[in-house]
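Only one structure is covered here, and it is reproduced in the block below.
A note on names: the letters A, B, ... follow the listed sequences, proteins ahead of strands, and every chain is numbered from 1.
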There are 2 protein chains.
Amino acid sequence: MLQNGSKRITSIKEIAKLAGYSIATVSNTLNDKGRIRPEVRQHILDICQKHGYIPNSAGRNLRRQKNETIGLMFYPSSSAIFRNVYYAEIMEALEFELERAGYDLLLSGHDSSIEPNVSPRFLRQGKVDGIILLGRFPRKRVVDLNDYGIPLIQLDGFRELLKVDYVTSDGYSASEQIVDHLVKLKHRRIAFVAYNHEDTNANQREAGFLAAVGKHHLSFAECKNIRDIGNTTEAYEMIKLMLESETPPTAIVAVNDTLAVELVDLLQKDGYSVPQDVSVFGFNDDADSKKSNPQISTVRIDKIKLAQTGAKMIIDRIESPDLPHQKASLPTELIHRDSVAIAKS
Amino acid sequence: MLQNGSKRITSIKEIAKLAGYSIATVSNTLNDKGRIRPEVRQHILDICQKHGYIPNSAGRNLRRQKNETIGLMFYPSSSAIFRNVYYAEIMEALEFELERAGYDLLLSGHDSSIEPNVSPRFLRQGKVDGIILLGRFPRKRVVDLNDYGIPLIQLDGFRELLKVDYVTSDGYSASEQIVDHLVKLKHRRIAFVAYNHEDTNANQREAGFLAAVGKHHLSFAECKNIRDIGNTTEAYEMIKLMLESETPPTAIVAVNDTLAVELVDLLQKDGYSVPQDVSVFGFNDDADSKKSNPQISTVRIDKIKLAQTGAKMIIDRIESPDLPHQKASLPTELIHRDSVAIAKS
DNA sequence: CTGAAAGCGCTTACAG
DNA sequence: CTGAAAGCGCTTACAG
């Protein structure tokens with residue numbers, strides 16, 4: 001804490017002069033390096049304290065050739081993270097892990113939907129040692145950013161054929177397990193719903209769904225796969241059409257809990273009962289899924305593990321740029337709640 | 001974009017050598033400074049592009065004596081921002097403004113509830129030019145951080161008697177207006193509910209409420225002021241006691257929309273109708289308040305203005321550390337929705 | 001219009 | 001256990 005009156009000292013040189021030791025000794029003291037006599041150490045620390053000395057990070061970074069900073073990108077803009085409950089836990093665990101490893105997290109106001117071909121300034125200015133791409137990203141964007149040559153990973157998203165580390169969850173198996181479960185509950189007409197975003201996680205969930213439909217010899221004509229909707233209202237319009245058809249679905253698998261919760265809400269407003277009329281399964285185990293009435297059956301993703309793995313990956317990549325690429329797909333767990341019941345006969 | 005095969009060039013010196021010009025000319029080209037012949041400029045730019053040159057920010061920062069980075073703190077930890085819908089819009093506008101001004105936003109995994117006396121590492125390491133304290137902070141924390149002497153502002157929070165710039169919303173007047181409105185609707189028994197956090201915004205809202213109760217000659221005995229609850233369940237227990245008393249409140253003013261929405265939910269589960277049995281007013285105009293059923297009457301805060309003002313304040317403070325302290329309290333607007341009706345007679 | 005040179009504050013390998 | 005010195009990559013005032 002800076003004492004009243006004294007002017008802040010901003011360089012190690014002045015501290016050294018005041019303390020009567022060399023800048024090397026001050027530096028070593030501050031970084032707990034080398035062998036310093038305890039009383040010298042304390043003397044130097046006192047002086048630093050007294051004059052509110054904060055080391056200049058640029059000097060340190062320049063010399064050490066690293067920033068100890070990792071850039072975080074989210075598509076289309078980092079501010080969108082704040083609108084998404086799902087990422088709260090991931091961000092929490094991510095910050096914790098990076099903090100432990102000595103890294104801070106840099107956000108940028110860059111908006112990819114406005115400037116799709118411009119990279120965020122913190123990249124162009126070399127302020128970060130590496131980048132985490134959180135969530136879904138268009139392929140081109142991942143390619144372009146990766147071409148920069150800066151360490152980069154995808155967290156909760158992936159591009160199988162690119163040379164990019166990633167960690168995501170195994171949505172394929174999760175979808176399979178959901179369908180297995182629904183089939184056990186006598187469901188034969190199951191619909192899958194996801195947004196028309198370019199989203200490899202959604203693709204995986206869809207693929208697992210389709211594979212399971214095939215495996216159980218369900219009718220593909222009766223198990224609709226809705227992937228061309230831009231918002232929940234559009235999704236619901238499609239579902240309503242299906243529900244009013246000759247062969248209505250008895251269960252709906254939504255690509256995430258937000259969609260599931262909103263669909264349940266719309267269904268109820270329209271007079272349908274969940275799960276009596278139709279069962280609904282979600283994904284992600286968001287806070288919302290538990291607040292909903294009925295509580296939504298969903299897929300739990302170990303978000304802490306996801307973040308820990310991602311943190312380790314980006315740090316490994318920064319420290320060893322030539323490491324073989326790491327790809328991880330974490331197992332998931334079905335959470336059974338009240339939005340799923342035996343199929344209406 | 002780095003071309004295949006060529007090794008990335010990491011210093012302006014090598015670029016200069018390759019281009020056949022001095023580092024001064026390369027630097028000026030990259031920063032659009034001085035007068036460079038257009039063909040020289042293009043030549044240098046081409047070389048940079050070809051070799052994927054990214055300037056070293058530490059070199060630049062060291063020379064220019066600034067980081068172009070602002071630290072963001074949230075209490076008790078920055079990851080908690082992600083749990084709070086209210087801050088989504090503020091963060092969005094804040095990032096936009098800071099980006100425009102050339103600053104990035106640095107987050108830290110620091111957790112004040114675990115280490116209340118330790119400042120975040122980005123501060124100790126001198127990585128930021130200034131700090132934004134977003135939302136409520138304990139007085140001691142503000143004092144300690146401010147004593148560091150680094151430029152600092154409070155955004156959506158304040159400490160009147162400290163020498164700290166701030167911008168917040170005028171919750172005092174908002175509460176007054178709410179009570180004015182409720183009184184017009186014949187309410188005479190109104191309760192105010194807020195958490196027992198150390199939160200100056202909540203204090204202002206409470207003070208405005210109490211002042212208005214006095215102004216309208218309502219009974220302080222019948223207009224309860226609940227400030228000692230730690231969570232919504234506790235709040236509801238108090239409210240239920242009141243509702244079952246001889247003089248039940250006909251309206252409740254909740255310190256924010258999250259609390260309002262949760263209270264409405266609990267009231268309904270207990271068989272009360274909102275607003276028929278009791279009216280509920282919230283604060284902040286969060287997304288939640290509109291999704292609730294009934295939609296919650298609330299107080300709109302111009303979050304974009306809030307963020308813009310905050311961004312300007314911290315930048316002003318960084319550029320002119322000796323500026324007189326700026327204090328702003330933005331006007332608010334009552335939003336009338338369906339959770340408020342004429343008092344039950 | 002272009003360049004030579006100083007110097008920002010730090011860490012570290014090395015000498016003693 | 002301590003210090004002198006080099007050098008990280010950049011911007012800028014100045015000279016020409």
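Residue B:Asn31 is classed as a sugar-phosphate contact, given heavy-atom separations below 4.0 Å to backbone atoms only. Base engagement by A:Ser27 is indicated by at least one non-hydrogen atom pair under 4.0 Å involving a base atom. Residue B:Leu62 is in base contact, counting any heavy-atom pair closer than 4.0 Å across all strands shown. At the heavy-atom level, A:Arg35 lies under 4.0 Å from base atoms of the strands shown. Using a 4.0 Å heavy-atom cutoff across all strands shown, A:Ala58 reaches no nucleic acid atom at all.
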So B:Arg317 and B:Asp322, salt bridge (charged side-chain N to carboxylate O under 4.0 Å, His left out) or not? Walk me through it. CA-CA 8 Å; B:Arg317 176 66 44 206; B:Asp322 297 325; over 6 Å; no
Decide salt bridge (charged side-chain N to carboxylate O under 4.0 Å, His left out) for A:Asp46 and A:Lys50; before the verdict, give the C-alpha distance in whole Å, the side-chain angles of both, and the deciding distance to 0.1 Å. CA-CA 6 Å; A:Asp46 286 347; A:Lys50 180 173 166 202; over 6 Å; no
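For the pair A:Ile44 CD1 and D:dC1 C1', the computed distance is 11 Å after rounding to whole Å. B:Ile9 places its CD1 atom 12 Å from the P atom of D:dG9, with the value rounded to the nearest Å. A:Asn61 has its CG atom 18 Å from the P atom of C:dC8, to the nearest Å. B:Ile12 has its CD1 atom 8 Å from the C1' atom of D:dG9, to the nearest Å. Atom CD in A:Gln125 sits about 13 Å away from atom C1' in D:dC10, given to the nearest Å. As rounded to whole Å, 19 Å separates atom P of C:dC8 from atom CZ of B:Arg60. When rounded to the nearest whole Å, the span between CG of A:Asn67 and P of C:dC10 equals 16 Å. Atom-to-atom, NE2 of A:His43 to P of D:dC1 comes out at 17 Å; the value is rounded to the nearest Å.
Nearest-nucleotide positions on DNA chain D place B:Gly59 closer to the 5' end than the other of B:Gly59 and B:Asn28. Position along DNA chain C of the nearest nucleotide to A:Ile54 versus B:Arg37 favours B:Arg37 as the more 5'-ward residue.
Among D:dC10, D:dT2, C:dG3, the nucleotide with an atom closest to any side-chain atom of A:Thr25 is D:dT2. Nearest to the side-chain atoms of A:Ser22 among the listed nucleotides C:dT12, D:dA4, D:dG9 stands D:dA4. With D:dT2, C:dT2, D:dC10 as the candidates, the nucleotide lying closest to the side chain of A:Val40 is D:dT2. Among the nucleotides C:dT12, C:dT2, D:dT2, the one closest to the side chain of A:Ala24 is C:dT12. Nearest nucleotide to the B:Asn56 side chain, out of C:dC8, D:dG9, C:dA5: D:dG9.
Contact check, A:Lys33 against C:dT12: a side-chain N or O comes under 4.0 Å of OP1 or OP2. Under 4.0 angstrom from either OP1 or OP2 of C:dC10 there lies at least one side-chain N or O belonging to A:Tyr53.
In this structure the side chain of A:Leu106 never reaches within 4.5 angstrom of the side chain of B:Leu105, judged on heavy atoms.
Side-chain atoms of A:Asp156 and A:Tyr87 form a donor-acceptor pair, as typed in the model, at a separation below 3.5 Å.
The backbone N or O of A:Ser77 sits nowhere less than 3.5 Å from a side-chain atom of A:Asp111 that would complete a donor-acceptor pair.
When Watson-Crick and G-U wobble pairs are counted only if both distances are under 3.5 Å, D:dC14 pairs with C:dG3.
Taking the six-membered ring where the residue is Trp, B:His43 and B:Tyr21 present perpendicular rings, their angle passing 60° and hence far from 30°.
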